[in-house]
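Heads up: the structure comes next, in structure tokens.
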There are 2 protein chains.
Amino acid sequence: MVPAADRVKKPGQSSVWMDAKKSPGGGAGGRGGSGGGRRSDPAAAHLDRDRITAVTVALLDADGLDKFSMRRLAAELKVTAMSVYWYVATKDDLLELALDHVAGEIVLPDPDDDTDWRIQLRQLAQSYRELLVGHPWATLLVGRFLNIGPHFMAFSGATLAVMRRTGAPLERHGGMIAAVFQFVFGFATSEAQFNRLAAEAELTTDEFFQRSMGLIAGEIEESPLFRESTELMAARGGDTVAEMYDRDFENALDVLIAGIETSGATKRPE
Amino acid sequence: MVPAADRVKKPGQSSVWMDAKKSPGGGAGGRGGSGGGRRSDPAAAHLDRDRITAVTVALLDADGLDKFSMRRLAAELKVTAMSVYWYVATKDDLLELALDHVAGEIVLPDPDDDTDWRIQLRQLAQSYRELLVGHPWATLLVGRFLNIGPHFMAFSGATLAVMRRTGAPLERHGGMIAAVFQFVFGFATSEAQFNRLAAEAELTTDEFFQRSMGLIAGEIEESPLFRESTELMAARGGDTVAEMYDRDFENALDVLIAGIETSGATKRPE
DNA sequence: ACCTGAACACCGTTCAAGT
DNA sequence: ACCTGAACACCGTTCAAGT
């Protein structure tokens with residue numbers, strides 16, 4: 001086997017997904033492979049891509065993207081910094097593997113299940129949101145790569161299938177998919193990073209929200225914007241920031257689904 | 001004046017926007033302040049926040065976020081690495097300033113103009129998209145900060161105003177705003193980063209798109225996903241990647257506006 | 001085939017000192 | 001008040017060498 005470093009190098013070559021899959025069963029790196037704790041098995045076997053990816057995800061979940069480094073990863077794997085480079089050409093390639101790995105958490109509808117497309121769409125959107133909020137570092141990576149790994153491809157296939165079931169004309173599907181899933185990405189990014197900022201300030205999200213509002217109020221207290229956003233705040237309902245996010249998310253999906261229905265989807269059978 | 005480093009330090013303090021504005025006219029750092037070329041004025045005056053911010057934006061536009069560093073910035077300003085820290089507490093704070101600076105490019109509707117809200121919403125969305133695609137580094141930062149600088153606040157005020165003019169009930173506005181502007185953020189992120197990946201591979205976006213399709217085809221050629229996405233590709237229309245993005249964006253806005261109308265907006269006067 | 005050690009060319013930021 | 005110099009504790013990655 002040729003070292004990973006020799007595979008992906010020049011511009012014009014740009015994907016980790018070019019070479020054949022390792023351990024075709026796909027097992028070793030599976031969900032929860034390196035489990036609850038952070039220290040890996042003391043009697044650990046040799047390295048492989050799956051184990052490296054699993055430990056990478058664990059570190060990213062624990063400490064975030066900024067604190068992740070190849071050297072910390074190597075320490076965690078009880079190996080020198082450079083060993084990892086046998087399996088992976090660059091840090092970016094590794095992050096791409098980690099991102100697609102967690103994308104496997106998205107729950108896809110059974111293709112033979114003929115539940116109403118509105119319900120399937122909501123479930124898919126909610127599951128994607130949960131993935132991103134559950135792994136805040138992922139929101140910072142989704143934009144950076146092409147996302148053509150196996151799990152993202154499966155997700156993409158599932159969205160196509162749901163859109164197909166709306167009955168809307170095919171030339172609208174691109175816009176519909178963009179409207180829904182780019183929204184979910186944007187929304188979840190905002191939600192996840194808000195949580196991260198709060199955590200970094202060592203506050204609950206509700207406390208952090210109060211403080212942010214105070215900051216803004218200082219700037220714009222006398223402007224109409226202040227009155228308007230206060231009114232919106234109240235009208236929006238929900239006692240906590242989490243409830244507010246949930247409500248906005250549901251309402252936005254209502255808007256999107258209503259818009260898709262107007263775009264030529266079959267009407268609800270009632 | 002107290003050094004910036006003494007202002008923002010502990011967790012619990014988290015915004016560059018806390019202290020009074022410098023040079024209240026707001027002039028020096030304005031649009032195109034450091035203009036076309038990259039080398040700054042040889043007879044340059046002393047540092048100030050506006051000049052630092054303007055040069056930061058110029059460097060980010062020229063070389064991207066990954067290549068930007070405090071040391072390169074200092075070199076560009078013809079000053080030692082540490083001088084900048086008199087004006088700015090951390091690199092992150094500086095990036096926050098740069099981000100809000102370019103947010104000033106978003107064209108906001110005149111509050112006294114009573115053009116149909118649909119048109120205003122489209123213009124605002126398109127202008128936000130252009131900002132993000134024009135400064136790809138900005139898509140990587142929008143998620144990271146609170147975005148409560150003056151220009152983002154003005155943008156936020158403008159979106160509230162447009163929503164108000166839809167006539168939809170106030171409790172829906174949160175969801176409507178999220179649906180539209182988180183979509184634009186997600187969409188523009190994808191578009192901007194696709195352009196960046198193509199540029200890094202030293203290909204046109206169209207060439208890069210072809211190559212990506214080839215990559216995917218290798219993976220999924222025999223699966224139904226391949227046929228489906230090929231069909232969608234064809235149905236979507238447009239001869240170039242740029243046209244495809246434009247078309248999807250317009251179609252998605254159609255979906256969103258139709259959804260907002262259903263959410264209780266006043267119907268189009270026809 | 002796989003892993004190590006030393007080195008290169010960088011980082012952000014602190015701190016004490018200069019003017 | 002503003003700027004510098006030296007240093008600390010890191011980075012990603014290359015390269016030649018070990019087993």
Side-chain angles (χ1 to χ4, degrees), chain A residues 1-11 13 16 19-20 22-23 40 44-52 55-56 59-60 63-98 141 144 200, chain B residues 1-11 13 16 19-20 22-23 40 44-52 55-56 59-60 63-98 141 144 200:
Chain A
M1 184 190 178
V2 79
D6 291 352
R7 276 180 257 134
V8 185
K9 201 79 305 172
K10 314 214 80 68
Q13 178 106 317
V16 227
D19 50 338
K22 331 204 38 171
S23 55
S40 45
H46 294 108
L47 293 183
D48 60 60
R49 260 197 187 195
D50 286 333
R51 197 163 91 85
I52 290 172
V55 174
T56 297
L59 283 175
L60 288 167
D63 301 324
L65 184 60
D66 286 348
K67 296 223 172 94
F68 177 80
S69 78
M70 296 302 270
R71 286 167 139 109
R72 284 165 81 107
L73 170 63
E76 195 71 16
L77 290 165
K78 296 186 150 93
V79 112
T80 38
M82 290 315 302
S83 308
V84 178
Y85 283 92
W86 182 260
Y87 300 93
V88 131
T90 64
K91 186 186 180 186
D92 263 16
D93 275 9
L94 177 56
L95 293 175
E96 206 168 341
L97 289 168
L141 297 178
R144 298 191 99 109
E200 279 171 10
Chain B
M1 185 192 176
V2 79
D6 290 352
R7 276 180 257 134
V8 185
K9 200 79 306 173
K10 314 213 80 68
Q13 179 107 317
V16 227
D19 50 337
K22 330 203 42 171
S23 55
S40 42
H46 293 109
L47 292 184
D48 61 60
R49 261 197 187 195
D50 287 333
R51 197 162 91 85
I52 290 171
V55 173
T56 298
L59 283 175
L60 288 167
D63 302 323
L65 184 61
D66 285 348
K67 296 224 173 90
F68 177 80
S69 79
M70 296 303 269
R71 286 166 141 109
R72 284 165 81 106
L73 171 62
E76 196 71 17
L77 290 165
K78 296 185 151 96
V79 112
T80 38
M82 290 315 300
S83 308
V84 178
Y85 283 92
W86 182 261
Y87 299 93
V88 131
T90 64
K91 185 187 181 186
D92 264 15
D93 275 9
L94 177 56
L95 293 175
E96 206 168 341
L97 289 168
L141 297 178
R144 298 190 99 108
E200 279 170 9

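Both backbone and side-chain heavy atoms feed into the values below; hydrogens, waters and symmetry mates do not. Chain letters run A, B, ... following the sequence lines, proteins first and then strands; every chain starts at 1.
- D:dT14: Watson-Crick or G-U partner is C:dA6, with both key distances under 3.5 Å.
- Spacing of P atoms, D:dA9 relative to C:dA9, comes out at 23 Å, to the nearest Å.
- The nearest whole Å value for the distance from the NE2 atom in B:His46 to the P atom in C:dT19 is 16 Å.
- With both pairing distances under 3.5 Å, D:dT19 is matched to C:dA1 as a Watson-Crick or G-U wobble pair.
- Among the nucleotides D:dC3, D:dC11, C:dT4, the one closest to the side chain of A:Arg72 is D:dC11.
- When the P atom of C:dG12 is taken as reference, atom OH of B:Tyr85 falls 6 Å away, rounded to whole Å.
- The shortest non-hydrogen separation linking B:Thr56 to B:Phe68 is CG2-CZ, 3.6 Å.
- A sub-4.0 Å separation between OP1 or OP2 of D:dT4 and a side-chain N or O of B:Ser83 is present.
- Per the geometry, CE belonging to B:Met70 stands 7 Å off P belonging to C:dG12, to the nearest Å.
- Salt bridge A:Arg72/A:Asp63: present, at least one basic N to carboxylate O contact under 4.0 Å.
- Regarding B:Asp92, its CG atom lies at a distance of 7 Å from the P atom of C:dT13, rounded to whole Å.
- Within the structure, a side-chain polar atom (N or O) of B:Ser69 is placed less than 4.0 Å from OP1 or OP2 of C:dC11.
- If you measure from atom CG of A:Leu59 to atom P of D:dC11, you get 12 Å, rounded to the nearest angstrom.
- Ranking D:dG12, C:dC3, C:dT13 by closeness to the A:Arg71 side chain, first place goes to D:dG12.
- Residue A:Met82 has its side chain nearest to D:dT14 when only C:dC2, D:dC2, D:dT14 are considered.
- A residue-by-residue look at A:Ala81 and B:Val79 shows that B:Val79 has its nearest nucleotide of DNA chain D further toward the 5' end.
- Between D:dC2 and B:Trp86, a contact under 4.0 Å exists linking OP1 or OP2 to a side-chain N or O.
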Point to revise | B:Leu95/B:Leu65 under side-chain contact (heavy atoms from CB on, under 4.5 Å): CA gap, chis, key distance, verdict | key: CA-CA 9 Å; B:Leu95 293 175; B:Leu65 184 61; 4.2 Å; yes

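- The pair B:Arg49-B:Asp93 fails the salt-bridge criterion, with no side-chain N (NZ, NE, NH1 or NH2) lying under 4.0 Å from an Asp/Glu carboxylate O.
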